[in-house]
Number of protein chains: 2
Amino acid sequence: MTQRRTTWQKTAVFEALSQDQVFVSAQELHQKLLLAGQKLGLTTVYRALTDLVEAGQADVLAGEDNEMLYRVCSNEHHHHLICRKCGTAVEFDLDGFESEVSALAIKHGYKDVAHSIELFGICEKCGMSA
Amino acid sequence: MTQRRTTWQKTAVFEALSQDQVFVSAQELHQKLLLAGQKLGLTTVYRALTDLVEAGQADVLAGEDNEMLYRVCSNEHHHHLICRKCGTAVEFDLDGFESEVSALAIKHGYKDVAHSIELFGICEKCGMSA
DNA sequence: CTATCTGCAAAGTCTTTGCACTTTT
DNA sequence: AAAAGTGCAAAGACTTTGCAGATAG
C-alpha cells in the first residue's frame, strides 16, 4: 500500500479549497495559489485534488464546459445550484427525490448509480452585472 | 441569416444518431459511421451534431468523464439513467421535481437555469458481463 | 536512507478553427 | 456562380505521465 506524505503543497491546496464553499477548477485554484505567493506546479494541484477526492475530502463534478470542478466535501449528501459565472453554489436537499432515484435505479436493474443532480444558472449578482 | 444545406454527411450523422436511443460521443459516432463505410471527417460529425442540437433535434449532456454525449431529442422533457458502459439510457420523469427546481431557482434569484439531472450507473446487462 | 512527492516538459483527449477545395442550390 | 459545407491539419484547453531532482519520515 502506498501511503501519503504531508507536504506544504497538499496543505496549501486543501486550505485554498476550503476557503470558499464554491466549486472551482484546478486551474483556478492554481492561479489563486500563485497569486497568494504559493509557488507550486499545476501538476501538483491536480494530484493534490485527486488525492483529496479519493480521500473523500472533496467533491468533484463535471462542469458544463467540460472541466472538472472541485469543492470541499460537506459530508452530507446534497446538491447544488451553481452560478456558471462566479461559481457560487447554493446547496439544496431533495428529501423525497433521493429515495425516488434509488427506487428507479433498482427498478431498472442498475448498479453503482451516481446521481449528478446539479443545476447551472446565472446568479442574481452576475445577472445584474451582465 | 445563414441557412442550412442538406448534405449526405448531415443526413448520415442524423440517421446514425437515430439508430439507437442511446447517448454517444461524437468520436464513437464517427467510428460507427466509418465502419459503416461512410467516409466523413470527425470535424464534420462535430459540426453536424452541433447543428442538430441548435435545431433542437438532439440533446447534449456532459458525461462523467468530461465528454459530450449526444442523443436524438425526444422533445418531451425528461431525464436519463445512463449506463456508463454501454450508454443505454432509461428515461424518467420527475413530475414534482421539475417545479421544485424552478421554485428553487427563483427563490435564489438564479436565471437561465439548466438542470442536468442525469444518473450514471451500470445496467443489468453490463453488470453481469463484468 | 529511501519511498514518496514535486515540477517541468512532453504527450494525450476531446473539441474547435483556418483555409483551400467541393457541393448544394 | 455563390453561398454553405467538407476535411485536413493545426491550434486550444484541460488533464495526465515520465523522469530527474527534492523531501518527508
Side-chain angles (χ1 to χ4, degrees), chain A residues 1-17 23-55 57-71 82 84-85 87 120, chain B residues 1-17 23-55 57-71 82 84 87 116 120:
Chain A
M1 195 44 166
T2 164
Q3 54 179 334
R4 313 255 115 98
R5 280 178 188 176
T6 313
T7 62
W8 67 263
Q9 285 98 330
K10 288 180 183 171
T11 308
V13 168
F14 181 64
E15 299 203 326
L17 193 67
F23 279 94
V24 290
S25 67
Q27 315 257 354
E28 287 169 344
L29 205 52
H30 182 222
Q31 278 310 310
K32 213 165 138 182
L33 284 163
L34 288 188
L35 291 178
Q38 310 269 36
K39 294 207 202 341
L40 37 55
L42 175 57
T43 310
T44 306
V45 174
Y46 273 109
R47 284 195 278 232
L49 286 172
T50 303
D51 284 357
L52 285 173
V53 172
E54 279 179 359
Q57 299 193 70
D59 285 328
V60 221
L61 88 85
E64 288 187 305
D65 50 341
N66 280 342
E67 174 175 66
M68 294 303 204
L69 299 179
Y70 300 85
R71 220 198 71 145
I82 305 159
R84 54 184 133 225
K85 268 208 172 168
F120 289 92
Chain B
M1 199 41 176
T2 163
Q3 55 180 329
R4 313 254 114 99
R5 282 177 187 176
T6 313
T7 63
W8 67 264
Q9 285 97 330
K10 287 179 184 172
T11 308
V13 168
F14 181 64
E15 299 203 324
L17 193 66
F23 279 94
V24 289
S25 67
Q27 316 258 355
E28 287 169 344
L29 205 52
H30 182 223
Q31 278 309 309
K32 213 165 137 182
L33 285 163
L34 289 189
L35 291 177
Q38 310 268 36
K39 292 208 202 341
L40 37 55
L42 175 57
T43 309
T44 305
V45 174
Y46 272 110
R47 284 195 278 234
L49 286 172
T50 303
D51 284 357
L52 285 173
V53 172
E54 278 178 0
Q57 298 193 74
D59 285 328
V60 220
L61 87 84
E64 290 188 303
D65 50 342
N66 280 343
E67 176 176 60
M68 295 302 205
L69 299 180
Y70 300 85
R71 222 200 69 144
I82 306 158
R84 55 186 131 223
S116 93
F120 290 92

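Naming: A, B, ... by sequence-line order, numbering from 1 per chain.
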Determine the sole option in B:L52, B:V45, B:V53, B:V13 for which the side-chain contact (heavy atoms from CB on, under 4.5 Å) test with B:Y70 is passed.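 One option only clears the test, and that one is B:V53.
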
Distance in angstrom units between [X] [atom1] and [N] [atom2], rounded:
X	N	atom1	atom2	answer
A:D51	C:dT4	CG	C1'	11 Å
B:L42	C:dT17	CG	P	14 Å
A:F14	C:dC5	CZ	C1'	19 Å
B:E28	C:dC14	CD	C1'	12 Å
A:L49	C:dC5	CG	C1'	15 Å
B:Q9	D:dC8	CD	C1'	14 Å
B:E54	C:dT16	CD	C1'	14 Å
B:E67	D:dT15	CD	P	14 Å

Given DNA chain C, 5'-ward residue of the pair B:W8 and A:A48, judged by closest heavy atom: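 Closer to the 5' end of DNA chain C: A:A48.
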
Assign each of B:Q27 and A:R4 to its nearest nucleotide of DNA chain C by heavy atoms, then name whichever residue's nucleotide is nearer the 5' end.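 First, find each residue's nearest nucleotide; the 5'-ward one identifies A:R4.
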
[X] versus [Y], closest heavy-atom pair with distance:
X	Y	value
A:Y46	A:A26	CE2-CB, 3.4 Å
B:F23	B:E28	O-OE1, 4.5 Å
A:H30	A:L40	NE2-O, 2.8 Å
B:K10	B:R5	NZ-O, 3.2 Å
A:S25	A:E67	CB-CD, 3.7 Å
A:A12	A:L33	O-CD2, 3.8 Å

Suppose we call a contact any N or O donor and acceptor under 3.5 Å apart; does that hold for the side chain of B:R47 and the base of D:dG7?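 Indeed, a donor on one side and an acceptor on the other fall under 3.5 Å apart.
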
Under 4.0 Å between a side-chain N or O of A:T6 and OP1 or OP2 of D:dG25?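 It does, given that an N or O in the side chain of A:T6 lies less than 4.0 Å from OP1 or OP2 of D:dG25.
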
Report for the helix from C:dC1-D:dG25 to C:dT25-D:dA1: angle between first-end and last-end helix axes, five pairs each, rounded to 10 degrees.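 It works out to 30° between the end axes.
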
Please tell me which of the listed nucleotides, [options], lies nearest to the side chain of [X]?
X	options	result
B:T44	D:dT15, D:dA3, D:dT6	D:dT6
B:R5	D:dA9, D:dG5, D:dG25	D:dG5
A:A26	C:dG7, C:dT15, D:dT15	D:dT15
B:T7	D:dT15, D:dT6, C:dT15	D:dT6

Both A:Y46 and B:L40 contact DNA chain D. Which one's nearest nucleotide lies toward the 5' end?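 The residue closer to the strand's 5' end, by nearest nucleotide, is B:L40.
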
